[in-house]
Amino acid sequence: MVVKPMIRSNICMNAHRVGLEIETQEQIEYVKQQEPLAGPKRVLVIGGSAGYGLASRIVAAYACGAETINVAFERPASGNRTATVGWYNTEYLESKLRSDGVYGATIYGDAFSNEIKDETCRLIRERWENVDLVIYSLAAPVRTDPATGETYRSVLKPVGEPFTARTVDMMTGEFREVTAEPATDDEIAATVKVMGGEDWELWIDRLTAEGLLAQGCMTVAYSYIGPELIRPIYREGSIGKAKEHLEGTAARLTEKLSKLSGRAYVSVNKAVVTRASSVIPVVPLYGVILFRVMKELGLHEGTIEQSYRLFAERLYSDGEVPTDEEGRIRIDDWELRDDVQERVNEIFHRVDESTVRDLTDIDAYHGEFLRIHGFGVEGVDYEADIEP
Ligand code: NAD
């Protein structure tokens, strides 16, 4: 079938298999060109089919030579529907791993459920005995608590008062003012339930109870802080409350892992274009400017560059893992550099519809949004009939 992008409200509903194969291959090539790392050997990635989780998995496999097990919520193609992005990414990556002789497997299903945790533990025991790195990279809108059966939905809203700001439609370049009403207490609590650290802790407790964590193991979950400009909607908003909870969980998990001399970290990563980040209000305007400024300063990174730097210069560099005062790994250091933020701020306040193409990287940002769904990839014939 011929597959064209179907986009609604910044959400792309379909995916192009051939484009995603090329995109995934580019990430593999990037890592192969870097120095090999003395890193982990048996890695569990929870949420390893797209975005930061996929990039982390590729670094583990191709820089460290690690075997990987991935857990992801994706579905194959059926009828006239394409598969999801993460399905195509994963199927391609695993075909490459097989031909390169490196073990990799994926359990498709809901990582929040007990059943998927059971299945994952079973596979780890059969295949490896234990794990030396657990990456937790879920970005989910909804979670059913396995203990109560209750379902929670996360929201992206400010806390306390409404937040009004200009944003840009990355498809059209049109500006508009958006107001986000504050989250209710229940909505904040639900967002913490979905995107906080509770499920990460359940995973680590379960792996510990089954004796599936290696001596000296590490676990890492991903967070974001971002600049003042988007603070009311991100760090001080409902999602920020969840990230605070995730960060608090890291300290508790490190205590729990002390018997194994293990460590839990939160890594604060930079803003990149992923399926999850495209739906956060105001972030696209910040993103298109950030892209321009970081490229001008030679500091631009995507998920694969960030993940390689995380492994090479933080997790598996010699000596202690460097962290900030709160114990967090900071790989958002370049994004938050004073010179970067000063320049972003200056553009943010003066850009408008007539200057957006000159002052920001809107076309490249939009291109990246399409590419993470397999569209707009060089060398792909989008008129061709493909087997989805
Ligand atoms: P993404 O949407 O690209 O990937 C999310 C992954 O989660 C996919 O593999 C998906 O299959 C998996 N997933 C979602 N629900 C699941 C479920 N119920 N069961 C199993 N798997 C499920 O997201 P991303 O942007 O890479 O985000 C990953 C983490 O990185 C999040 O914690 C996010 O907050 C953080 N982060 C993102 C950015 C950014 O700019 N995108 C910046 C800093 C930190």
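Just follow the structure's listing: the first ligand is 1, and inside any ligand the first atom is 1.
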Polar proximity ligand 1 side, Tyr224 side, N/O cut 3.5 Å exclusive: no
Carboxylate-amine/guanidinium proximity below 4.0 Å for Asp169 and Arg176: no
Passing candidate, salt bridge (charged side-chain N to carboxylate O under 4.0 Å, His left out) with Asp333, options Lys270, Arg328, Arg309: Arg309
N or O pair under 3.5 Å between Phe112 and ligand 1: no
Residues Glu198, Arg143: salt bridge by 4.0 Å N-O rule: yes
Ring geometry between Trp128 and Tyr103 (parallel below 30°, tilted from 30 to 60°, perpendicular above 60°): perpendicular
Any N or O of Ser223 closer than 3.5 Å to N or O of ligand 1: no
Ala221 contact mode with ligand 1 (heavy-atom cut-off under 4.0 Å): neither
Location of contacts on Thr274 toward ligand 1, heavy atoms closer than 4.0 Å: side chain
Non-hydrogen atom of Ser113 closer than 4.0 Å to ligand 1: no
Gly47-ligand 1 polar pair, N/O distance under 3.5 Å: yes
Sub-4.0 Å heavy-atom approach of Arg143 to ligand 1: no
Contact check: Ala72 vs ligand 1, nitrogen or oxygen atoms, below 3.5 angstrom: no
Option nearest atom 28 (C) of ligand 1 (shortest heavy-atom distance, choices Ser267, Ser137, Ala111): Ser137
Sub-4.0 Å heavy-atom approach of Ala271 to ligand 1: yes
Closest approach of any protein heavy atom to atom 16 (C) of ligand 1, naming residue and atom: Phe73 CB, 3.5 Å
Sub-3.5 Å N/O-N/O distance, Ala140 and ligand 1: no
